[in-house]
Amino acid sequence: MIEFEKELNSAQFEAATHPQGPVLVIAGAGSGKTRTIVYRLAWLVEQGIPPESILLMTFTRKAAQEMLMRTEQILGRPLHGTSGGTFHAFAFSILRRNSAEIGFPNGFTLMDRSDCEGVIKEVKDSLGYGKKDRSYPKKATLLDMVTKSRNKEVPIDTLVNSEAFHLATYSQEMEEIGKGYSIYKKQHGLMDYDDLLFYLEDLLANDKFLRNSLRSRYQYIMVDEYQDTNLVQARIVKLLAGENGNVMAVGDDAQSIYSFRGADVSNILKFPEIFNDVKLVRLEQNYRSTQPILDLTNAILDGAEIKFDKKLFTEKTWGKKPQLMVPLSDFSQSNRILDRIVKLQKKYGPEEVAVLFRAGYQSYGLEVALKRLGVGYKKYGGLKFNEAAHIKDILAFLRLVTNPADIISWQRTLGHIKGVGPKTALKIANAVIEAESKALGKFTKKYPLLQEILTDLDGLRKKKSSPGTALEVIIPLYKPILVAAYPDDYPRREAGIEQLAQIASNYDDLEIFLADMCLDPDQHSEEEKKEDVVTLSTIHSAKGLEWNAVIIIDLVEDRFPSKKSMQKPLEYEEERRLLYVACTRAREELIMSAPASINRRNTDFSEAAIPSPFIRELDPTLFDELQESYSGGMNMKKNNPITPPVSATSASNESKKTNLKKFGLCKHKIFGKGKIIEKIEPNKVRVNFPGFGPKVIVEDYLELL
DNA sequence: TGGGTTGAAGTTTTT
DNA sequence: CTTCAACCCA
């Protein structure tokens with residue numbers, strides 16, 4: 001018997017043992033959110049609720065697995081049949097069984113990011129857009145806009161006006177591309193991540209029988225990280241929960257960091273309006289970090305444009321102040337951080353140290369340093385295992401076994417035949433699909449390799465082969481192609497393919513294997529399995545995790561907050577929350593690093609770097625500052641001379657103000673070159689931009705020419 | 001139409 | 001430094 005009342009604090013207990021109806025748990029960072037969910041699961045099961053009637057939606061599959069495992073631990077017995085995973089994976093499993101009903105009689109193939117980009121490019125080209133226009137939005141940008149408009153459920157036009165003004169001239173065409181994209185997917189039996197959610201919603205809304213059967217199956221629904229759900233996810237929850245509404249939503253509005261993907265914080269704020277008689281529980285006591293760390297994280301939130309009514313507190317009143325390290329450059333930062341990692345690992349154990357950063361590439365320097373010293377590490381975020389060209393090649397081939405209409409995969413696969421490019425591949429694919437044996441005969445005669453590929457595909461299709469056996473056929477066929485394409489590093493890539501085969505051997509069903517590779521790309525990568533090593537992670541991928549010591553690197557302007565977010569208030573605020581998430585991962589030691597200079601990509605020279613505005617605005621008594629001396633050591637900066645470092649921005653503003661009187665030429669990041677025609681308020685001017693017309697701009701966003 | 005070359009532009013986060 | 005698309009030649 002579990003003693004719930006003893007194991008949980010009163011708020012946690014209240015949430016975990018709430019008998020019926022909707023509950024909203026606003027759980028501050030480190031407030032025992034996972035613990036609450038786990039105890040709720042255990043409580044439900046102890047009340048006699050069958051485990052298979054519980055549905056647990058999480059942000060990653062890993063999170064779900066961990067929670068289910070912990071529940072089994074405290075229950076002391078296995079938990080059979082509880083469904084746990086991401087919205088996307090859940091949607092896939094339902095849609096797969098009902099594909100005919102949503103207009104995919106032959107099933108569908110799930111696309112990953114680069115497949116989607118390929119389709120977008122195809123549509124763009126077929127519409128004849130962007131010819132000869134070098135500055136036409138790239139396929140990645142186009143896809144971003146299309147999916148963002150879909151996720152936020154706002155027309156592209158509106159989206160462009162509110163957050164991508166520089167694309168204004170293209171919004172009409174982007175709208176068309178979006179339409180074409182959606183038709184293309186349907187025609188070729190393809191779905192992207194967004195489709196999974198929208199088709200699921202349609203299915204639930206229209207199929208009363210299915211809806212009722214799912215409702216009676218899932219009596220209790222729990223949704224973790226609710227602040228990062230989007231509108232359609234919220235509606236799906238509503239459809240699944242039904243009248244009795246046994247939903248528990250858990251989240252923290254201060255940790256919402258996925259709005260770039262369409263997540264909508266107002267979901268969590270509006271939850272009480274959507275369901276009746278919502279029980280609201282707040283978890284505010286922090287069990288993770290020491291008080292000096294919380295003082296700093298509370299201060300970060302204090303600077304927010306829209307205030308959070310939230311002050312985390314802890315009983316761990318002891319502890320070290322967070323540190324701000326100022327290495328001379330981003331290059332020396334790697335070495336100084338390496339020293340710290342080694343020391344911290346001795347103190348806390350090798351697994352208990354993590355280095356966090358804004359973007360995947362920011363850890364490259366450190367990775368080199370770690371390798372040189374032979375310190376093991378695992379990295380989360382950034383490039384994925386299945387984004388490597390050779391892995392994609394193999395997966396494309398496998399996809400043709402299940403979906404012959406997948407033109408993108410045909411082009412990828414047939415492109416390896418000498419003399420075949422996208423155009424010829426398209427013709428061949430059409431000949432195959434339409435079964436035009438005459439045309440096909442010509443092609444197979446001309447390209448012997450094609451005959452081989454087709455024969456293998458046919459064999460695999462007929463036998464309904466498992467992923468493992470399919471790979472046994474494909475690998476020998478692909479090997480010569482691999483060797484020819486990458487003469488210098490094919491052994492490394494071959495090892496990657498071996499690894500893929502290893503993963504595949506755990507699956508019986510090819511379609512499920514392929515979907516999992518998109519839905520959960522790095523669950524099986526070798527990284528996962530490494531033990532006793534330091535963790536390197538993007539902050540997004542570190543969500544929900546914690547370590548004794550956390551180091552955050554590259555806290556300088558343009559890198560964190562990212563350059564792009566500086567001009568957009570909403571994105572800038574999200575960067576702030578991102579830093580909040582990063583800092584609240586630390587239990588005992590928090591180290592922030594803001595190198596004094598960074599290397600710009602296109603120059604050989606380092607440029608002076610300005611510490612992140614989030615750091616500059618902090619009260620300097622909240623942290624200790626360490627500066628790297630020219631001889632290499634780190635010295636404590638004595639009694640923290642109040643460091644509103646006569647910031648470079650304000651200094652340059654001064655000079656701007658005087659120069660602006662001349663009404664000269666200037667440059668704006670979005671509108672390009674323009675001429676200043678009028679000074680309006682103390683810090684605003686009217687500028688005429690060729691092509692855009694006159695605009696009122698805040699001086700700080702202008703560069704004088 | 002494929003394949004190589006050239007020249008310019010753009011750099012985040014993820015299911 | 002990398003990626004992308006236009007351009008040219010076979």
Fill in: Qualifying salt bridge (charged side-chain N to carboxylate O under 4.0 Å, His left out) pairs, either residue in residues 413-430 of chain A, two or more places apart
none

Fill in: Cationic tip of A/Lys62 above A/Tyr380 ring, under 6.0 Å, 45° of axis
yes

Discussion item. Both atom distances under 3.5 Å, Watson-Crick or G-U wobble: I'd like the secondary structure of DNA chain C as a dot-bracket string, with | for pairs made across strands.
Written reply: ||||||||||

Worksheet entry | C1'-based separation of C/dA5 from B/dT12 [nearest Å] | 24 Å

Worksheet item: Expressed in angstrom and rounded to an integer, what is the separation of A/His540 atom NE2 from B/dT13 atom P?
Response: 9 Å

Worksheet item: Should the pair A/Tyr572 and A/Phe614 be assigned to parallel (<30°), tilted (30 to 60°) or perpendicular (>60°) ring geometry?
Response: tilted

Practice prompt. Report yes if a side-chain nitrogen or oxygen of A/Thr538 is closer than 4.0 Å to either non-bridging phosphate oxygen (OP1 or OP2) of B/dT14; otherwise report no.
Written response: yes

Fill in: Contacts of A/Thr141 that satisfy side chain to side chain contact (heavy atoms under 4.5 Å, CB included) - sequence neighbours left out
A/Pro137, A/Lys138, A/Leu167

Practice prompt. With sequence neighbours left out, write down each residue that passes ring-ring contact (aromatic ring centres under 6.0 Å, His included) with A/Tyr136, or none if nothing qualifies.
Written response: A/Tyr170

Discussion item. Do A/Ile417 and A/Ile453 have side chains that approach each other closer than 4.5 Å (heavy atoms only, starting at C-beta)?
Written reply: yes

Item to complete: Find the distance A/Leu519:CG to B/dT15:P and express it as a whole number of Å.
Response: 10 Å

Worksheet item: Do A/Tyr258 and the base of B/dT14 stack face to face, with centres under 5.5 Å apart and an angle between planes under 30°?
Response: no

Fill in: Residues forming a ring-ring contact (aromatic ring centres under 6.0 Å, His included) with A/Phe560, sequence neighbours excluded
none

Worksheet, complete the sentence: note: A/Tyr364, atom OH; B/dT11, atom C1'; distance rounded to Å ~ 11 Å

Worksheet item: Between A/Ile552 (CD1) and B/dT12 (P), how many Å, whole number?
Response: 20 Å

Worksheet item: Using a cut-off of 4.0 Å on non-hydrogen atoms, how would the nucleic acid contact of A/Tyr136 be classed: base, sugar-phosphate, or nothing?
Response: nothing

Practice prompt. Rounded off to whole Å, could you give me the CD-to-C1' distance for the A/Gln227 and B/dT15 pair?
Written response: 15 Å

Item to complete: Select from A/Gly419 and A/Thr141 the residue whose nearest nucleotide in DNA chain B is closer to the 5' end of that strand.
Response: A/Gly419

Discussion item. According to ring-ring contact (aromatic ring centres under 6.0 Å, His included), who are the partners of A/Phe92, at least two apart in sequence or on a separate chain?
Written reply: A/Phe108

Response to the item:
Residues at least two apart in sequence or cross-chain that pass side chain to side chain contact (heavy atoms under 4.5 Å, CB included) with A/Asp393, listed by chain then number, are A/Arg412, A/His416, A/Tyr478

Discussion item. By nearest heavy atom, map A/Lys427 and A/Gly360 onto DNA chain B; which one lands nearer the 5' end?
Written reply: A/Lys427

Worksheet item: Base, sugar-phosphate, or nothing: which does A/Gln233 touch, judged by heavy atoms less than 4.0 Å apart?
Response: nothing

Fill in: Length of the line joining A/Lys423:NZ and B/dG3:P, which is rounded to integer Å
14 Å

Between the protein and nucleotides 4-8 of chain C, list the N/O to N/O atom pairs that are separated by less than 3.5 angstrom.
{"unit_1": "C/dA6", "atom_1": "OP1", "unit_2": "A/Gly130", "atom_2": "O", "d": "3.3"}

Worksheet item: If you check the A/Ser541 side chain, which of B/dT14, B/dT12, B/dG3 turns out closest?
Response: B/dT14

Worksheet item: Could you give the CZ-to-C1' distance, from A/Arg113 to C/dT3, as a whole number of Å?
Response: 15 Å

Worksheet item: Atom OH of A/Tyr361 and atom C1' of B/dT11: how far apart are they, to the nearest Å?
Response: 8 Å

Response to the item:
Across all chains, not counting sequence neighbours, the salt bridge (Lys or Arg N to Asp or Glu O under 4.0 Å) partners of A/Arg399 are A/Asp115, A/Asp406

Item to complete: Could you check whether A/Ser565 gets within reach of a base, just the sugar-phosphate, or nothing at all, counting any heavy atom under 4.0 Å?
Response: nothing

